[in-house]
> 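Just dropping this structure here.
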There are 2 protein chains.
Amino acid sequence: MKDFVSAQEVAEKAGVSRSAVSRAFTPGASVSAKTRRRVMDAAEALGYHVNHLARGLMTNESGIVCLIVSELGTPFRSSLIRAITQQLQNSGKIAMLINTDRSDGSVDRALRQAIHYRADASIILSGLPDKSITQLCLRNGQRLVLINRDDDQPGPLRINIDDREAASRILTAFMRAGCQQLAFANSEVGTPSLMARERGFVAAAAALGIEVTVERHGSTGYEAGKVVAQRLLTRTKRPDAIFCANDLLACGVMDAARHQFKISVPDQLCIAGFDDIEQASWSSYELTTFAQPVETVAREAVAFLASPALQEDAGEVRSLKLHAELVWRGSIRGG
Amino acid sequence: MKDFVSAQEVAEKAGVSRSAVSRAFTPGASVSAKTRRRVMDAAEALGYHVNHLARGLMTNESGIVCLIVSELGTPFRSSLIRAITQQLQNSGKIAMLINTDRSDGSVDRALRQAIHYRADASIILSGLPDKSITQLCLRNGQRLVLINRDDDQPGPLRINIDDREAASRILTAFMRAGCQQLAFANSEVGTPSLMARERGFVAAAAALGIEVTVERHGSTGYEAGKVVAQRLLTRTKRPDAIFCANDLLACGVMDAARHQFKISVPDQLCIAGFDDIEQASWSSYELTTFAQPVETVAREAVAFLASPALQEDAGEVRSLKLHAELVWRGSIRGG
DNA sequence: TTGTACGCGTTATCAT
DNA sequence: ATGATAACGCGTACAA
């Protein structure tokens, strides 16, 4: 099996030195047009491609950014990954994808991989790394971005959605629709953002002297939504408004309500979700929900990676709180 | 900003030679337990991690596998990516993710990136690379896997689903349900697998002397399904059976039929899809569809990468044709 | 078993 | 503008 072509071979074929080849491929280096031309021709003929691994060895910049994520098959996650990889490519970086599960140390192992491959940065979409690992990454000059994670360690950039504010806004919408029995559908996962939505909703209701029935089950998916709906809709005081921690839960809740309990949405029951996944706009759901500013999240994350390293910024706490836009559809009365 | 820890530093701290450190991290190397212990302790204390980039420089194995894919936010694609990344990680490899679009040369650029990073292999889920690029990859010892692509170049492993056979199976199901007016819903994308389903369906029907109405529109998504349905269901001879090129189209078709045309599924109209995405099982759809053996695809792809390089295998044509399982739900009468 | 010396492909530095 | 040489961090043949 033939090896990759090296700059050495190109140099020989072009009749120049290795350094000339290197310069020809370095933007803004001082090479004569003639030399550059001869090098490029030879490179093309031989099928030469700069070895980024070796380059990274010298420059200490691999161009690699690690995406650490669990449940990557989920609509919201995959759309976020799409946006981020796209932005990364536009910035000349490349994404490494590492799948994590809920097991202990899964994220830590992923970050170790990031270090192994000398990733310039890691973007964590799921789970939370151990403090020691975070420090290890930062100490090695690796930038860190935490998306929708709740962590108070200094160093990483944290990008969050203002979940509490959104929760209080949806409460207002429910009240305006004349809802009386409020409920919140959640999973047992307990992710910070999911919990913030729950707490924000409960708190906002409490401020109005209203109690909220909270039900949690399983992971944050469609099936869990069905189970939660089953529990909520068989209660003696049946809810007429359910705020769901995310759209998948909401779809499950809505389907259970309609097909299993023959409850009309939004006439008898108002439902709201979170994320604005594609399915939320499908005719069968027409789900009123909050759109996370996916593109903005991706842009900010990548911009942070590209920004010049402020010296000794390890002490600074960078945090971004983004606004979720309420997308009004048909699952809440009025509007 | 501090640099990464090198084997040199570990060696000094442990009071051994640098090669001893290297050996301590090389499985099956000859190191005394005592030395290994001292090295490991020092490494742990310093936070040392082997530099895979430099290692790849020596061994000519980066451990990197490129995943080249478009429309990564789509349910089926993302589930496939999930399965593959999982399998790769289990094999000690790591995935690089490259997003492509439909523009010319997008896949070629992605493969060039794969070469830049000296990926051991590339798995192509979307588009089709130029023959010259394919040859370049193979010549450089990079393994290639084409999933659901139609390509007759020798060298790469091709994994396909038997679309034609599936299409003829679903025709049988339609006939058994007593359907008379057959239609096929497709996009204008013209991907080999999509076209194989269309042609297979049309051909199987023709063999029975039945004509199929084919309608194509836009990209292979939900909205396109709605448009296609609109066209099909306003025809004078309205179809009572629609086979859709994939589940997203099918969901769009079904929603349009029910909500827009007040047509009952499956009583007045039978619908089938392809892929068995999660949404197909949701109560609002209960879509009868074909499940692609995602796990098997991923396993076979990764197994091929891990298999020892047969000498001069460039001439051999490796091809896998997998069976799609018919998942029977409620969108076709009978069953 | 352990250490020395070299090479992997690249960029950076320093002459010229 | 160009070429020679060092250095990056690692694996390994070879010698001890």
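Residue numbering restarts at 1 for every chain, and letters A, B, ... go by the order of the sequence lines.
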> Hey, what do you get for CD (A:Q292) to CG (A:N148), rounding to the nearest 0.5 Å?
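If I round to the nearest 0.5 Å, the distance is 5.0 Å.
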> Does A:R82 have any side-chain contact (heavy atoms from CB on, under 4.5 Å) partners at least two apart in sequence or in another chain, and if so, which?
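A:Q86, A:E295, B:L72, B:N99.
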> Where is the tightest heavy-atom contact between A:Q153 and A:Q135, given as atom of each residue plus distance?
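Reported closest heavy-atom pair: OE1-NE2, 3.9 Å.
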> Are B:D108 and B:R112 close enough for a salt bridge, meaning some N to O gap below 4.0 Å?
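Looking at B:D108 and B:R112, the cut-off is not met.
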> With sequence neighbours excluded, tell me which residues meet side chain to side chain donor-acceptor pair (under 3.5 Å) with A:T74.
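A:T74: no side chain to side chain donor-acceptor pair (under 3.5 Å) contacts found.
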> Between the side chains of A:E71 and A:R102, is the shortest nitrogen-to-carboxylate-oxygen separation below 4.0 Å, so that they form an ion pair?
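A:E71 and A:R102: salt-bridged.
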> Please find the earliest and latest nucleotides of DNA chain D, in the 5' to 3' direction, that have an atom within less than 4.0 Å of any heavy atom of chain A.
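That gives a stretch of D:dA1 to D:dG9.
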> Once side-chain contact (heavy atoms from CB on, under 4.5 Å) is applied, do any residues pair with B:S219, and if so which ones, sequence neighbours excluded?
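Once residues adjacent in sequence are excluded, the partners of B:S219 under the side-chain contact (heavy atoms from CB on, under 4.5 Å) criterion are B:V189.
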> Polar atom pairs between nucleotides 10-14 of chain C and protein, under 3.5 Å, N or O only, would you list them?
| residue | atom | partner | partner atom | Å |
| --- | --- | --- | --- | --- |
| C:dT10 | OP1 | A:Y48 | OH | 2.7 |
| C:dT10 | OP1 | A:N51 | N | 3.2 |
| C:dT10 | OP2 | A:A7 | N | 2.5 |
| C:dT11 | OP1 | A:R55 | NE | 3.0 |
| C:dT11 | OP1 | A:R55 | NH2 | 3.1 |
| C:dT11 | OP2 | A:S22 | OG | 2.4 |

> Give a yes or no on whether a salt bridge exists between A:K93 and A:D120, defined as a side-chain N under 4.0 angstrom from a carboxylate O.
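Yes, A:K93 and A:D120 are salt-bridged.
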> To the nearest 0.5 Å, tell me how far B:S193 OG sits from B:I161 CD1.
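Answer for the OG-CD1 pair, B:S193 versus B:I161, is 9.0 Å.
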> Rounded to the nearest 0.5 Å, how far apart are NZ of B:K321 and CG of B:N160?
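It comes to 6.5 Å.
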> Rounding to 10°, can you tell me the angle the first-five-pair axis of the helix from C:dT1-D:dA16 to C:dT16-D:dA1 makes with its last-five-pair axis?
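Its terminal axes enclose an angle near 40°.
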